Amino acid sequence: MPEWGVYPAEPDEAAALVRLEARAFGDRSWGDQGVRESMTAPGVSVLLGGEGRPAPPLGFALWRDLDGEAELLAIGVAPEARQGGLGAALLAAALAAARHTGAATMFLEVDVANVAACALYRRAGFAPAGLRKRYYRDGGDAAVMACRL
């Protein structure tokens with residue numbers, strides 16, 4: 001398994017994040033404008049991961065500091081880097097960063113049909129906290145999960 005580097009995104013890496021998010025999420029992509037707006041939204045931090053700069057990133061995590069709580073907005077890995085531990089490295093870095101801000105809990109929503117993501121979150125200490133019926137555009141349900149930090 002490769003040793004992945006995880007680092008904060010720089011503003012000039014927005015285009016790389018847009019491309020990576022589209023590759024990772026396919027038809028569930030937030031689109032160019034949605035990704036760019038999320039990067040600059042209040043309290044949002046973006047982590048990139050891969051072999052390190054200057055290599056193009058292969059994964060990302062977006063999380064938001066909510067003054068005592070945190071929310072994982074998105075985590076994605078390029079298809080060619082999946083199942084290699086990059087998602088776990090990004091998640092661990094987001095959890096550590098949220099802890100550092102003083103957050104007590106991190107929340108997220110995940111498609112109940114995304115078995116790999118659900119397993120990743122459970123391994124990291126997330127537990128079910130609710131269900132959002134028909135949360136996604138395609139009608140899929142989202143599990144709400146929480147992790148005490």
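Starting from 1, each residue takes its place in the sequence as its number. Everything numeric in this text was worked out from a predicted model, so none of it was measured. Keep in mind that the numbers below use all heavy atoms, side chains included, and drop hydrogens, waters and symmetry copies.
Under the 4.5 Å side-chain contact rule for hydrophobic residues, Leu120 and Leu72 share a cluster. Following chains of ILVMFWY side-chain contacts shorter than 4.5 Å, one can reach Val18 starting from Leu73, so the two form part of one hydrophobic cluster. Cluster annotation: Val35 and Val44 are assigned to the same hydrophobic cluster (Ile/Leu/Val/Met/Phe/Trp/Tyr, side-chain heavy-atom contacts under 4.5 Å, transitive). When the side chains of ILVMFWY residues are joined at heavy-atom separations under 4.5 Å, either directly or via intervening members, Leu17 and Leu91 end up in two distinct hydrophobic clusters.
Side-chain atoms of Met106 and Met145, non-hydrogen and from C-beta on, never get closer than 4.5 Å to each other. Put simply, the side chain of Val6 does not reach to within 4.5 Å of the side chain of Leu48, judged on heavy atoms. Looking at Tyr7 and Leu47, their side chains never come closer than 4.5 Å, going by heavy atoms from C-beta outward. Side-chain contact between Leu131 and Val112 is present, with at least one heavy-atom pair separated by less than 4.5 Å. Contact of the Asp111 side chain with the Arg28 side chain is registered, since non-hydrogen atoms from C-beta on lie closer than 4.5 Å. Considering only heavy atoms from C-beta on, Glu69 comes within 4.5 Å of Phe107 through its side chain. Phe60 is not listed as a side-chain neighbour of Ile75, based on a closest heavy-atom distance of 4.5 Å or more. Looking at Phe126 and Leu108, their side chains come closer than 4.5 Å, going by heavy atoms from C-beta outward.
To the nearest 0.5 Å, atom OG of residue Ser45 and atom CG of residue Leu62 are 9.0 Å apart. We find the CG-CD distance between Leu86 and Glu3 to be 12.0 Å, quoted to the nearest 0.5 Å. The distance from atom CD of Glu13 to atom CG of Leu20, rounded to the nearest 0.5 Å, is 11.0 Å.
A search for side-chain hydrogen bond (donor to acceptor under 3.5 Å, both in side chains) contacts involving Glu37 returns Gln33, not counting sequence neighbours. For Arg148, the side-chain hydrogen bond (donor to acceptor under 3.5 Å, both in side chains) criterion is met by Thr105, not counting sequence neighbours. By the side-chain hydrogen bond (donor to acceptor under 3.5 Å, both in side chains) test, Asn114 pairs with no residue at all, sequence neighbours left out.
Glu51 CD: 12 or fewer foreign heavy atoms inside a 6.0 Å radius. Counting non-hydrogen atoms of neighbouring residues, nucleotides and ligands closer than 6.0 angstrom, the CG atom of Asp12 exceeds 12 such neighbours. More than 12 heavy atoms of other residues, nucleotides or ligands shown are found within 6.0 angstrom of CG on Asp138.
Minimum heavy-atom separation, Gln83 to Ala116: NE2-CB, 4.2 Å. The nearest pair of heavy atoms linking Arg36 to Ala14 is NH1-CB, 3.5 Å. In terms of heavy atoms, Leu90 sits closest to Gly59 at CD1-C, 3.6 Å. The two residues Gly31 and Glu21 come nearest to each other via the heavy atoms N-OE1, 4.1 Å. Trp63 approaches Ala94 most closely through the heavy-atom pair CD1-CB, 4.1 Å. Across all non-hydrogen atoms, the minimal contact from Leu149 to Arg99 is O-NE, 3.4 Å.
Between the side chain of Arg82 and the backbone N or O of Val77, at least one donor-acceptor pair lies under 3.5 Å. Between the side chain of Thr101 and the backbone N or O of Ala98, at least one donor-acceptor pair lies under 3.5 Å.
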Does the side-chain contact (heavy atoms from CB on, under 4.5 Å) test come out yes or no for Leu58 and Glu80, once each step is laid out? CA-CA 8 Å; Leu58 295 171; Glu80 69 273 17; 3.5 Å; yes
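Note: Phe25 and Trp30 have tilted aromatic rings, judged against thresholds of 30 and 60 degrees for the angle between ring planes.
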